[in-house]
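Structure record follows, encoded as structure tokens.
Residues take their numbers from the sequence shown, with the count starting at 1. Please read these numbers as outputs of a predicted model, since none were measured by experiment.
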Amino acid sequence: MISFVQHWYKKRFSDPQAVTLVFILIALAALIYFGASILAPIFVALVLAFLLEWPVAQMSRIGVNRTAGASLVLVLFVGVMLLTVFGLIPSLWKQGLSLLSELPNMLDKGLAMAEDFASQYPKYIPPEQLDTMVEQARKLMDTQHLLDLGKHLLGYSASVLVLMVYAILVPLLVFFFLKDKKELMLGAKRFFPANRQLASKVWEEMNQQIFNYIRGKVMEIIIVGAASYIFFAIMDLRYAALLGVLTGLSVLIPYVGATLVTLPIALVAFFQWGFSSEFAYLMLGYGIIQALDGNLLVPLLFSDAVDLHPVIIIAAVLVFGGLWGVWGVFFAIPLASLIKAVINAWPELPPQSSADPGEQEAADKQLESRVGQ
């Protein structure tokens with residue numbers, strides 16, 4: 001067993017560049033894991049600067065000064081974000097409050113239907129189980145639960161102050177990252193080992209893939225969210241804007257997100273129309289949107305940027321989402337692609353080195369005798 005481990009270690013880590021790559025990956029992972037809360041504005045600014053680098057680079061190619069290009073791109077980006085926030089957030093807030101206020105009525109209606117169903121089919125829903133369900137549902141709307149909800153809202157209000165600080169720091173950091181990109185990269189290279197050719201190879205492979213993925217994911221969120229909102233509005237579904245935004249954001253979690261967002265859409269449609277033709281048309285149209293997203297939009301946007309099995313994608317979402325929350329979910333696929341790129345680029349010894357050490361030594365002696373002859 002010890003010889004097997006030694007042989008595996010020599011095979012995988014005989015190249016000093018492999019050791020350098022492992023050191024860089026461990027250092028970056030530790031920095032993100034332990035410093036995520038402190039360095040969050042810097043990480044957010046790096047992601048935004050990575051996305052905005054392409055238009056700045058295109059403007060530099062046509063002769064626009066990099067400082068002027070970075071300023072123009074950042075002003076346009078901030079303007080679009082402000083229009084989106086102030087135009088969308090108030091409507092979402094109103095619809096969210098309206099949905100919360102109607103939850104007791106929805107709950108009462110659902111309990112009444114459950115009691116009616118239990119009275120007609122007592123074999124399927126025992127009375128004891130129904131009483132337990134009713135009791136648990138009532139607890140959701142009691143006074144103490146509402147007080148706890150108020151405490152959570154107060155905590156959210158405190159986090160708004162943090163967001164206001166980020167609103168100042170992040171654009172400033174993005175501007176300097178875009179304007180002084182070359183100087184900052186040269187300074188950062190001083191902290192990496194000189195023997196980093198393998199790490200550079202992995203980065204070159206991942207750079208375009210990460211950019212294509214993030215750009216495609218942002219476009220997918222906008223397209224799916226807008227299409228869902230338009231369809232919900234045409235169907236006159238209540239809380240159309242809120243449910244449309246939730247549908248767009250659901251694409252952040254592949255496979256799982258669509259399943260999770262289907263439940264509130266179906267519940268709102270059911271309490272609005274019941275089991276009617278409108279309910280059937282809505283669920284049919286929603287299913288068509290999800291099918292077009294998975295079979296047409298995703299292949300067009302991502303092309304070959306993501307070449308991972310669905311099982312690996314779901315596992316990556318669970319693992320990285322558990323480690324880093326929302327950001328881990330958003331970057332789960334790029335991180336999984338990074339691991340795949342590292343495995344593909346990992347150096348190995350020639351095939352003959354994988355033989356048994358005794359057989360390899362005998363082969364070397366035989367080769368030496370042939371050379372001597």
Pairwise distance [atom1]([X]) to [atom2]([Y]) - rounded to 0.5 angstrom:
X    : Y    : atom1 : atom2 : result
L173 : F43  : CG    : CZ    : 12.0 Å
I265 : L260 : CD1   : CG    : 11.0 Å
L246 : L263 : CG    : CG    : 11.5 Å

Under 3.5 Å, is there a donor-acceptor pair between the T262 and Y286 side chains?
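The criterion, which ignores hydrogens and geometry beyond distance, is satisfied for Y286 and T262.
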Membership question, hydrophobic clusters at under 4.5 Å side-chain separation (ILVMFWY): are [Y] and [X] in the same one?
X    : Y    : value
I289 : Y229 : no
M185 : L48  : no
F77  : W54  : yes

For F270 and F275, run ring-ring contact (aromatic ring centres under 6.0 Å, His included): C-alpha distance rounded to whole Å, both residues' side-chain angles, the deciding distance at 0.1 Å, then the answer.
CA-CA 6 Å; F270 171 74; F275 289 113; 4.8 Å; yes
Are any of the side-chain heavy atoms of [X] and [Y] separated by less than 4.5 Å?
X    : Y    : result
I288 : F231 : no
L243 : Q95  : no
K181 : R66  : yes
L237 : W273 : yes

